[in-house]
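Remarks on the structure that follows.
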There are 2 protein chains.
Amino acid sequence: MLEYRRMTLAKPAFPAPDHDHGRCTADALAHAEEVCEQRAQKFTPIRRQVLAALLSSHRPLGAYEVIDELAKSMPRPAPITVYRALDFLMANGLVHRIESRNAYLACAAHDHDATSAVAFLICERCGLVGEIPSASFAKDLNAAARSSGFAPKLSVVEITGVCAHCQKAA
Amino acid sequence: MLEYRRMTLAKPAFPAPDHDHGRCTADALAHAEEVCEQRAQKFTPIRRQVLAALLSSHRPLGAYEVIDELAKSMPRPAPITVYRALDFLMANGLVHRIESRNAYLACAAHDHDATSAVAFLICERCGLVGEIPSASFAKDLNAAARSSGFAPKLSVVEITGVCAHCQKAA
DNA sequence: TGAATATAATAAGCAAGCTTACGATTATTC
DNA sequence: GAATAATCGTAAGCTTGCTTATTATATTCA
Ligand SMILES: [Zn+2]
Ligand SMILES: [Zn+2]
Ligand SMILES: [Zn+2]
Ligand SMILES: [Zn+2]
């Protein structure tokens with residue numbers, strides 16, 4: 001029961017419109033610090049700022065949108081600066097790349113391991129993106145792949161649709 | 001048994017290195033003609049040529065690669081020309097877009113209905129791409145999505161890994 | 001045949017994503 | 001404290017993906 005609560009709390013499938021986003025952001029930044037310390041990686045100001053920019057919403061941002069976001073609070077960074085930070089954050093499992101959008105999303109589920117597959121739920125109305133743990137389907141997916149002798153490594157699973165909140169609003 | 005043969009022939013999960021690709025291409029073009037006729041759509045020369053370019057390999061090609069391919073046998077087409085053809089071919093289920101590559105792939109499984117989800121197996125060694133029918137996993141995937149109230153519409157499932165042939169070659 | 005529609009060619013351009021090159025700055029390490 | 005490595009800033013540029021606008025060519029059909 002405790003385990004169940006912990007899991008459902010730790011892995012919200014989709015960001016609820018009324019969640020405490022300040023807390024949500026603070027937690028993510030704290031988590032990032034922790035991860036970097038554990039791995040002896042440097043969570044430098046620019047890396048923090050890029051992550052913070054992504055955390056400002058639960059929407060994936062293109063690299064140039066990140067630049068625009070940062071430009072609000074500092075001298076406009078060059079693309080390379082942002083790409084370097086994004087590479088770092090992705091390498092450490094703090095940011096996901098949404099392939100179908102060429103965009104980047106701050107990881108909101110700090111408990112899946114960095115290498116494991118994640119599926120994304122992308123709402124076509126509000127643009128918010130949720131993560132669902134791969135456990136529930138990766139097995140079947142990988143089995144289907146392996147049935148033809150294919151050795152799966154990395155899975156991109158991105159589901160577009162309408163989130164619960166936007167359905168009600170319609 | 002007959003049904004089984006038909007299905008495995010019609011839905012090869014991954015293009016075998018020794019398959020009769022000439023036949024494979026001819027079949028696909030014939031199928032395209034058929035589909036267009038049934039739908040009263042025009043399978044014009046440029047559309048045919050773009051499809052043929054994509055069929056030249058089982059690799060996804062970017063729009064500019066398609067242009068390069070066409071340039072070999074005709075005056076270099078403008079981007080817009082190719083994009084129009086690609087849009088047409090996608091709308092009629094003859095071509096898939098591989099989101100994680102910003103590239104286009106000729107559909108090699110002429111029997112899945114145009115709207116249903118498909119998963120792709122992308123070999124990171126040889127670059128070939130196979131399709132697997134969604135049936136085997138779409139159910140679980142959609143169920144996982146719906147469990148959080150999300151109404152899934154379109155799924156992008158792209159699995160990178162190593163194909164059977166490249167595993168042997170290694 | 002002539003109007004309406006669909007398709008294609010021509011020309012130009014924009015925006016996004018990403019990279020290369022190089023010098024400056026900061027940490028680490030010996 | 002000098003050498004090394006990691007990080008960052010600056011400047012420039014490349015490629016790809018895709019669009020807009022306009023004119024021309026077929027097709028369809030009344
Ligand atoms: Zn939040
Ligand atoms: Zn929504
Ligand atoms: Zn083939
Ligand atoms: Zn291969």
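Note: hydrogens, waters and symmetry copies are ignored here, and every other heavy atom, side chains too, is used. Bear in mind that the values here come from a model prediction, so they are computed numbers and not experimental data. Below, chain A is the first sequence line, B the second, and so on; all start at residue 1.
For A/E65 and C/dA16, the CD to C1' distance is 10 Å, given to the nearest whole Å. Nucleotide D/dG9 holds its C1' atom 13 Å from the CD1 atom of A/I67, rounded to whole Å. Atom CG of A/N102 and atom C1' of D/dC18 are 12 Å apart (whole Å). For B/Y83 and C/dG13, the OH to P distance is 19 Å, given to the nearest whole Å.
Salt-bridge check for A/E99 with A/R97: passed, with a basic side-chain N closer than 4.0 Å to an acidic carboxylate O. Salt-bridge annotation for A/K139 and B/D140: absent, with no side-chain N of the basic residue lying under 4.0 Å from a carboxylate O of the acidic one.
When only modelled atom types and interatomic distance are considered, B/E124 and B/T160 share no side-chain donor-acceptor pair under 3.5 Å.
Residues meeting the side chain to side chain contact (heavy atoms under 4.5 Å, CB included) test with B/Q41, sequence neighbours left out: B/C36, B/R39, B/F88, B/N92.
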Under-3.5 Å N/O pairs linking protein and nucleotides 5-12 of chain C:
{"from": "C/dA8", "atom 1": "OP1", "to": "B/T44", "atom 2": "OG1", "distance (Å)": "2.1"}
{"from": "C/dA8", "atom 1": "OP2", "to": "B/R47", "atom 2": "NE", "distance (Å)": "3.4"}
{"from": "C/dA8", "atom 1": "OP2", "to": "B/R47", "atom 2": "NH2", "distance (Å)": "3.4"}
{"from": "C/dA9", "atom 1": "N7", "to": "B/R84", "atom 2": "NH2", "distance (Å)": "2.7"}

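Using a 4.5 Å heavy-atom threshold, the side chains of A/R101 and A/I122 count as touching.
Proximity of the aromatic rings of B/H96 and B/F120 is defined here by a centroid distance below 6.0 angstrom, and this criterion is met.
Each of B/Y64 and A/D87 was assigned the nucleotide of DNA chain C with the nearest heavy atom; the assignment lying further toward the 5' end belongs to B/Y64.
Between D/dC18 and B/R97, a contact under 4.0 Å exists linking OP1 or OP2 to a side-chain N or O.
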